[in-house]
Peer 1: 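Below is a structure I'd like to ask you about.
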Amino acid sequence: MITTTSQAVRVRGLRKAYGDVTAVDALDLDVDHGEVVALLGPNGAGKTTTVEILEGYRHRDSGEVGVLGADPGRPEPGWRDRIGIVLQTSGGLDELTVDELVRHFRVYYPAPRDPDEVIAAVGLESKRRARARHLSGGQRRRLDVALGILGSPDLLFLDEPTTGFDPEARREFWSLISSLADGGTTIILTTHYLDEAEQLADRVGIITAGHILAMDSPARIGGRDRDDVVVRWLDEGEPHSATTDRPTALVTDLAARFGGEVPGLSVDRPTLEDVYLRLIGHDTRPDTQHDTGTGGHVDERPDDRSDGPTLEATR
Amino acid sequence: MSRTTASAHERSTATPSPDRTKPSTLRIAVARTILETRIYFRERDSVVFSFLFPVVLLGLFATVFGGGETVFGEATGGGVDFARYFLPGMVAAGIMLVSFQTLAIGIAVERDEGTLKRLRGTPMPPAAYFLGKVGMVLLTGLAQVALLLAVAAVAFDVPLPGDAGSWLRFAWVYLLGTAAGTVLGLAYSSVPSSARSASAVVLAPVLILQFISGVFFVFNDLPSWLQNVASVFPLKWLAQGMRSVFLPDRLEPMEVSGSWQLAPTALILSVWLVAGLLLCARTFRWGRKGDS
Ligand SMILES: Nc1ncnc2c1ncn2[C@@H]1O[C@H](COP(=O)(O)OP(=O)(O)OP(=O)(O)O)[C@@H](O)[C@H]1O
Ligand SMILES: [Mg+2]
């Protein structure tokens, strides 16, 4: 840690266009040292373009960019030693085994991690001797992650790192990332998995059309902490629910009414996905009435915008 | 959470190994040479179509045209048999295949598949990458020449030069030809627009050059305008230089110019080498076209 700058990443007014497509438009971003930031946004929002400008791969049209105190367009010697990169797509090196690749890439770094530990950390022990060509999609992705963290970077970029991971591998990846973050690594990741962002990120940024729409902790983004809350409970076996902005009062009421434990009680804030969809303009938060059955006590939730398309483009 | 997760958690927070010294470019270049050579011999295409190809062709020529016939028999009082006549051409072609063809195709594929982009994202010095390619070309090229000469000598009784002067000449022609082929291969790798088209885009000129440069045919048999075209490119000079090494001096008057032309050979190969270097420096890209 030789840097003295206050932030790991500082971006002001970043702009990048491809022909008439503006991929990144007046984007500002601040990432503190040791912070984990997740960038969310629909396909084509400009996440990869932004991240690859920070990594020094792409040129910007305008704006200020500082990454670990340097301009990635003109990196200082030693800058790359401190940066780890997992690209959104990266192929090649098919004929080499996991072991050979990890051991070889180690040579590039002044202070690499132990290759066996890295291979174990990404769960590829049983594939050490397999050539990259013969790895499954998810295993290959894990190899990418292994090569990205190998140099024990101060700043780690992960562009959709868990694409193709099975659920267990994803959990293991999360704990790996958490441990890196605990160790002080600054992490910028993009993802389409909102649970992943919620699990890992200190802050999430939502990008659309090359611009950051909202940036806050997963619990507070888009006013999520102040949003209406759905309280559900059972009364003589019948499901009931209520939507309220004062859940504590309601639960206290209910507790008094039942004289203690409220049967089947749950208190749900809107999920990150609800907030995300609302922010990017497709509010599809399910109407609480659908879940409650008949005869319950229902406060109708104002149905502000439920006109989202039924067939969302998904990756 | 599973056991592996727990251990991953403990391990990855462990402090990295203590030596914070930056690895030297030379050390990385050596590691890359080993890696590149390993990849080369693991890819069946490169082994068959660049490493073994000249050996197979030599065997083919020697067998098909064998049977006591000679080249320039009447004019030189005895001439040489086909195996001996074609050996220098095959050595020259081998140099071009191992340097130019291997690099032009290989790097085009590495660029398209994102290997170069991945490398560029690490602290690997670019010089180490290029030196690794040079090292790989030298290792595979020398192994190929050794195999070619051994096959020629053992299977086809081709006499090899015995004097130090010839081998010294071989050394500079070989090194200059390999150097030019290497930088031109690096430069030409930017021409194919995708990995899929790389083989075709590279093989076509390689094949044409072999036909017109006196590798497959006796150079004298070509029409003179084709000889002139070939004289612009390095392979003709490389093949002629190799003939000066492996053919007896009594065949020197049979050259189109009547001489081995060693000085022009050195000059023209050097010009290509410098031109290739300049071209590389100006055009080498780590990403695909339009990527940045
Ligand atoms: N090299 C390029 N040439 C031309 N247009 C590009 C290039 N790279 C990106 N774009 C365009 O810029 C926009 C942003 O692309 P980008 O890859 O940054 O999106 P993204 O947010 O990473 O999307 P995804 O979630 O699908 O990965 C898109 O409209 C895309 O078509
Ligand atoms: Mg992307």
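Each chain gets a letter, A, B and so on, in the order its sequence line appears, and its residues count up from 1. For the numbers below, each heavy atom of this structure counts, side chains included, while hydrogens, waters and symmetry mates do not.
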Peer 1: Are any of the side-chain nitrogens in A/R103 or A/D116 under 4.0 Å away from the carboxylate oxygens of its partner?
Peer 2: yes
Peer 1: Cut-off 3.5 Å, side chains only: do B/Q101 and B/S50 have a donor facing an acceptor?
Peer 2: no
Peer 1: Where on A/L96 is there a heavy atom nearer than 4.5 Å to chain B: the side chain, the backbone, both, or neither?
Peer 2: both
Peer 1: With a 3.5 Å cut-off and no angle check, do the side chains of A/R80 and A/Y109 form a donor-acceptor pair?
Peer 2: no
Peer 1: I need the residue from B/D291, B/I39, B/L35 with the largest number of non-hydrogen atom pairs under 4.5 Å to chain A.
Peer 2: B/L35
Peer 1: Are the side chains of B/T178 and B/L138 in touch, meaning some heavy atoms are under 4.5 Å apart?
Peer 2: yes
Peer 1: With a 4.5 angstrom heavy-atom cut-off, is it the side chain or the backbone of A/L150 that approaches chain B, or both, or neither?
Peer 2: neither
Peer 1: Where on A/F173 is there a heavy atom nearer than 4.5 Å to chain B: the side chain, the backbone, both, or neither?
Peer 2: neither
Peer 1: Rounded to the nearest 0.5 Å, how far does CZ of B/F61 lie from CZ of B/F216?
Peer 2: 6.0 Å
Peer 1: If we define contacts as heavy-atom pairs under 4.5 Å, which of A/T89, A/V86, A/D144 has the most with chain B?
Peer 2: A/D144
Peer 1: I need the residue from B/E113, B/R118, B/M124 with the largest number of non-hydrogen atom pairs under 4.5 Å to chain A.
Peer 2: B/R118
Peer 1: Let me see the working for B/R120 and B/Y129 under side-chain hydrogen bond (donor to acceptor under 3.5 Å, both in side chains), right down to the final yes or no.
Peer 2: CA-CA 10 Å; B/R120 199 71 193 96; B/Y129 175 80; over 6 Å; no
Peer 1: Which answer fits A/L93, side chain, backbone, both or neither, if we ask what part of it has an atom under 4.5 Å from a heavy atom of chain B?
Peer 2: both
Peer 1: Pick from B/E110, B/K117, B/R32: which one has the most heavy-atom pairs with chain A under 4.5 Å?
Peer 2: B/K117
Peer 1: At a heavy-atom separation under 4.5 Å, does B/L116 approach chain A through its side chain, its backbone, both, or neither?
Peer 2: neither
Peer 1: Can you say whether A/F157 sits under 4.5 Å from chain B via the side chain, the backbone, both, or neither, judging by heavy atoms?
Peer 2: neither
Peer 1: Are A/T190 and A/D159 close enough that a side-chain donor and a side-chain acceptor fall under 3.5 Å?
Peer 2: yes
Peer 1: Between A/E160 and A/T191, is any side-chain donor less than 3.5 angstrom from a side-chain acceptor?
Peer 2: no
Peer 1: Determine whether A/T162 and A/R141 satisfy the following criterion, side-chain contact (heavy atoms from CB on, under 4.5 Å), listing intermediate values before the conclusion.
Peer 2: CA-CA 7 Å; A/T162 58; A/R141 202 67 190 132; over 6 Å; no
Peer 1: Rounded to the nearest 0.5 Å, what separates atom OH in B/Y174 from atom CG in B/L142?
Peer 2: 4.0 Å
Peer 1: Applying a heavy-atom distance below 4.5 Å, give me the residues of residues 56-66 of chain A that approach chain B, sorted by number.
Peer 2: A/Y57, A/R58, A/H59
Peer 1: At a heavy-atom separation under 4.5 Å, does B/R38 approach chain A through its side chain, its backbone, both, or neither?
Peer 2: side chain
Peer 1: Should the ring pair B/F41 and B/F51 be called parallel, tilted or perpendicular, given that the plane angle runs from 0 to 90° and is split at 30 and 60?
Peer 2: perpendicular
